[in-house]
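Quick note on labels: first sequence line is chain A, next is B, and so on, each numbered from 1. A quick note: this is a predicted structure, and the numbers were derived from the prediction, not measured.
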Amino acid sequence: MSNDRPPVVAVGEPSSAGSGGPAVASGGPSEPPAPVIEATRLGKTYRDFWGRRRIHALSGLTLEVRPGEIFGLLGPNGSGKTTSIKLLLGLIAPTAGVARVFGRPPADVSSKARIGYLPEESYLYRFLTGEQTLRFFGRLAGLSGTEITKQTGALLDQVGISSEARRRKLSEYSKGMVRRVGIAQALIGSPELLFLDEPTSGLDPLGMAEVKELIVGLRARGKTIVLSSHLLADVEDICDRVAILHRGRLARLGAVAELTEAGDRVELRVTGAAGVDDPRVVAAAAGLRAAGLSVEAVRKARISLEAAFVRIIREQDAPEP
Amino acid sequence: MKVLAVAGITLREHLRPWPLAALAALVLAALFAGYAAVPVAEEAHRPSAFLSFALAAAPFFAFALAVAPACFSLPGEFEFQQVSLVFTRPVRRWQYLAGKLLGHAGHLAALAALYQGCLAVAAALLFPAESPGLLRYCRAARVEARGTLRQMSVRGRAGLYLDPPESAAAPGAPPAESGAPPAAGGPLLVFAFNGLPEAARAAGGPGRAVGEVVLPALHVAGRSLLADLRVAVRVRDPATPGAAPLWENDYRVTAGRAERFNVAVARLPAGGAAPFVVELEPLENHQRLGVARGGVRFASGREGYAWSLALSGGVMLIKMLVVLAAAVLAAAHFSALVNLVVAGFTLTVAMMASFLRMVIATVRADAPGLFTSREEVFQRFGPRPPPSVNSFFDRFTATFRGFFEALGNWFPDWWRADPDSTLTLGLAVEWRQIVEASSVYLPYAAALAAVALLTFPLRGVD
């Protein structure tokens with residue numbers, strides 16, 4: 001499998017994919033905003049009934065998630081992603097380290113009012129209709145009746161559940177429709193921080209594209225999103241930074257752009273060419289070293305996030321020299 | 001709000017209209033079939049025997065249909081992870097557990113109402129609108145018999161009699177009950193037999209029964225398990241109705257297999273026949289299972305049945321709530337099977353405790369639960385003063401006890417308005433029993449809730 005992307009021919013404005021979202025703190029003159037999530041040497045060891053250590057699910061996780069960014073949490077199965085999310089949601093208590101969400105412990109109820117969660121599986125009540133599901137979670141979020149009614153209609157419209165469908169029970173929904181309702185329930189209460197675990201799971205390509213647009217739109221509205229997904233192309237498209245976990249440890253943390261750099265290789269972009277077979281391009285390529293066309297951009301070549309991910313995991317698995 | 005949201009969803013999960021309607025139809029069919037099948041010695045006793053049987057079956061119905069599903073509730077939510085989703089919202093542990101318990105309690109209440117409602121429908125269709133004639137004493141609270149009796153002799157029959165002993169010719173008769181003969185007139189004989197007046201007539205006396213008391217009895221496998229009843233007998237001179245009785249006494253009537261108990265009163269004439277008035281008044285032993293509710297149940301036909309149903313439903317609900325709490329709360333982190341075992345064990349213990357209380361009361365014939373007058377009953381179950389505070393423990397529990405005392409005192413105000421009514425007496429006693437059961441069971445449920453909060457599986461949750 002090639003780690004290189006095909007040569008890119010400019011098609012308009014420069015792509016911003018993977019280059020960081022608008023609210024990413026990249027070290028400006030002003031004071032950077034306080035992180036939404038802070039984890040310091042966070043660890044979780046599951047014990048058996050007799051208190052004996054059974055599984056080190058997570059060790060020494062230290063990371064920050066900044067406001068307004070889309071943060072990807074990646075890793076192979078069993079790498080500690082779900083444990084990390086449960087720790088940050090306050091569903092389980094850490095056995096080591098400290099986590100803070102909005103500056104407070106994750107179990108703190110006041111901070112939970114600002115959080116939405118879409119689990120990997122749709123843990124929704126199948127005997128409820130789509131509308132009842134949102135009303136229930138709206139009540140748990142502490143919304144007023146009027147606000148629940150308003151948000152329920154708007155969110156179901158937003159995720160594409162029709163008026164007729166929203167009055168049917170979830171047991172009668174397709175997997176994709178349940179997923180859409182799950183996304184809507186995560187959004188009710190207008191949370192500032194969203195944990196989305198495999199948000200595009202079960203969706204058709206169109207649905208996947210819609211969800212990706214929705215996530216990008218949420219970032220544009222200032223929401224912070226923690227995204228866990230195995231669809232690395234999606235993560236690469238929309239995430240600002242990612243953390244790669246492996247065997248319960250943080251294998252790599254950084255901006256997508258950093259992780260996908262292709263070593264010492266350089267990528268050249270030109271404008272005005274009809275295509276890669278354009279004779280001028282061919283000629284330019286042939287005579288570029290001597291003299292040539294106006295060069296628009298020269299940048300490091302990139303590999304896909306998937307390739308970077310595989311490389312990082314293999315490095316971790318490689319025996320120590 | 002959040003508690004109600006969790007309770008609402010729990011209730012919605014378990015209460016579906018169509019299964020509920022089907023269940024109601026099934027219960028009704030079973031009740032009608034049971035009415036025909038219940039074994040009774042006499043047809044007139046069928047309603048009471050059926051009611052006893054149906055009420056005894058109510059906890060099993062509730063256990064099977066409300067408590068058992070509750071055992072699967074929390075383990076199910078953990079298995080399918082809905083609980084994780086709930087706790088990502090600003091919900092506290094106690095709110096979730098209280099909501100679950102409230103929802104299951106609502107389910108239990110709905111099923112209890114369904115069962116009792118079906119029973120009420122069956123009672124309305126099957127039971128007589130009026131009390132059977134032989135139960136009129138309980139309904140009227142007092143009955144009078146007027147007449148003139150001559151000397152009556154009874155031989156070879158066991159019975160109760162009054163001094164002078166020489167007037168009772170029965171050899172081997174039991175010792176005399178307490179009571180004094182009237183100062184004036186001839187000595188008085190009071191006989192209480194199974195089978196009078198036929199036996200009395202057969203023995204050669206012209207006496208007649210002036211009253212008949214039927215003991216409510218629970219039949220199990222053809223055997224009568226109850227009961228115990230007190231009957232007040234008063235003899236008055238009809239010429240001076242407002243004066244103190246010439247003679248009065250109370251008798252405890254205990255039934256083994258017998259259900260019918262006759263009381264005959266005869267004055268031995270001092271030189272001739274004398275007119276008299278006899279009053280009979282049943283004094284229920286309200287601490288004996290069956291008899292207590294029998295007092296209400298026999299009070300006034302359908303009305304009595306209705307009250308009996310409502311109140312016994314209340315007691316059943318409270319006791320089953322504890323079983324429910326055991327299932328939902330204390331064992332929240334175990335499997336459904338373990339929960340079921342815990343709930344079943346709690347139910348068994350609760351039922352064994354009730355049974356043990358009944359046995360102890362039966363063995364201890366002079367237990368404080370035996371009442372000889374309405375005043376005694378009133379003192380036992382009527383309004384009580386605030387609890388006294390004598391020790392640190394008293395101070396600790398005074399508020400708690402005071403609350404339940406105040407709650408228990410609420411009903412007797414109605415009772416005071418109609419103190420001669422057996423119905424209101426019975427209702428007051430039942431109410432007191434509900435409150436007393438609550439004062440014992442609710443702290444137990446609270447303790448279970450505390451255990452549940454401390455052992456809740458999601459340790460990170462507030």
Side-chain angles (χ1 to χ4, degrees), chain A residues 44 46-47 49 82-83 85-95 99 101 104-129 132-133 135-145 148 169 182 185-186 188-189 191 193-195 197, chain B residues 1-20 69 72-100 102-104 107 331-335 338 453-462:
Chain A
K44 178 69 182 177
Y46 290 104
R47 296 172 187 272
F49 182 80
T82 303
T83 298
I85 289 177
K86 283 186 175 179
L87 284 167
L88 295 175
L89 285 168
L91 295 176
I92 54 176
T95 49
V101 178
R104 307 182 70 87
D108 191 285
V109 168
S110 61
S111 63
K112 285 188 177 180
R114 303 162 70 183
I115 295 174
Y117 173 50
L118 172 69
E120 182 178 2
E121 298 292 329
S122 293
Y123 305 145
L124 300 173
Y125 296 97
R126 312 285 287 182
F127 54 89
L128 294 182
T129 65
Q132 288 167 344
T133 300
R135 296 191 75 84
F136 172 64
F137 285 101
R139 289 176 78 186
L140 294 187
L143 299 181
S144 68
I148 288 173
K169 289 181 179 168
Q185 75 75 27
I188 199 159
L193 171 62
L194 280 158
F195 288 89
D197 201 350
Chain B
M1 180 75 170
K2 290 167 189 171
V3 172
L4 291 180
V6 176
I9 207 151
T10 305
L11 197 59
R12 193 189 292 269
E13 183 177 5
H14 291 95
L15 277 186
R16 316 278 176 87
W18 281 111
L20 211 60
F72 292 84
S73 180
L74 278 185
E77 294 234 339
F78 278 101
E79 184 182 349
F80 295 106
Q81 297 286 316
Q82 285 108 336
V83 70
S84 299
L85 204 50
V86 168
F87 281 113
T88 57
R89 296 293 176 176
V91 177
R92 294 182 188 277
R93 263 185 299 185
W94 72 264
Q95 289 173 322
Y96 175 73
L97 289 172
K100 292 301 287 182
L102 193 63
H104 284 297
H107 182 219
H333 55 306
F334 292 128
S335 71
V338 174
L453 281 170
L454 291 173
T455 61
F456 195 67
L458 296 180
R459 299 296 171 85
V461 175
D462 252 347

Trainee: What distance do A:Y117 atom OH and A:K86 atom NZ have between them, rounded to the nearest 0.5 Å?
Mentor: 7.0 Å
Trainee: Passes side chain to side chain contact (heavy atoms under 4.5 Å, CB included), A:Y46 versus A:T83? Steps please.
Mentor: CA-CA 10 Å; A:Y46 290 104; A:T83 298; 3.6 Å; yes
Trainee: A:Y123: which residues meet the ring pair (Phe, Tyr, Trp, His ring centres under 6.0 Å) condition with it, sequence neighbours left out?
Mentor: none
Trainee: Hey, does B:H14 have a side-chain heavy atom less than 4.5 Å from the side chain of B:T10?
Mentor: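 In short, these two side chains touch, coming nearer than 4.5 Å.
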Trainee: Of all of A:L118, A:L128, A:I115, which one pairs up most often with chain B through heavy atoms under 4.5 Å apart?
Mentor: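 Among the listed options, the one with the most contacts to chain B is A:L128.
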Trainee: Please classify the contact between A:Q132 and chain B as side chain, backbone, both or neither, with a heavy-atom cut-off of under 4.5 Å.
Mentor: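 For A:Q132, the side chain is the part near chain B, not the backbone.
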Trainee: Given that the side chain runs from C-beta out, which part of A:I85 has a heavy atom under 4.5 Å from chain B: side chain, backbone, both or neither?
Mentor: neither
Trainee: Just so I understand: if I count every heavy-atom pair under 4.5 Å between each of B:L4, B:V6, B:V86, B:T88 and chain A, which residue has the most?
Mentor: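 If we count pairs closer than 4.5 Å to chain A, B:T88 comes out on top.
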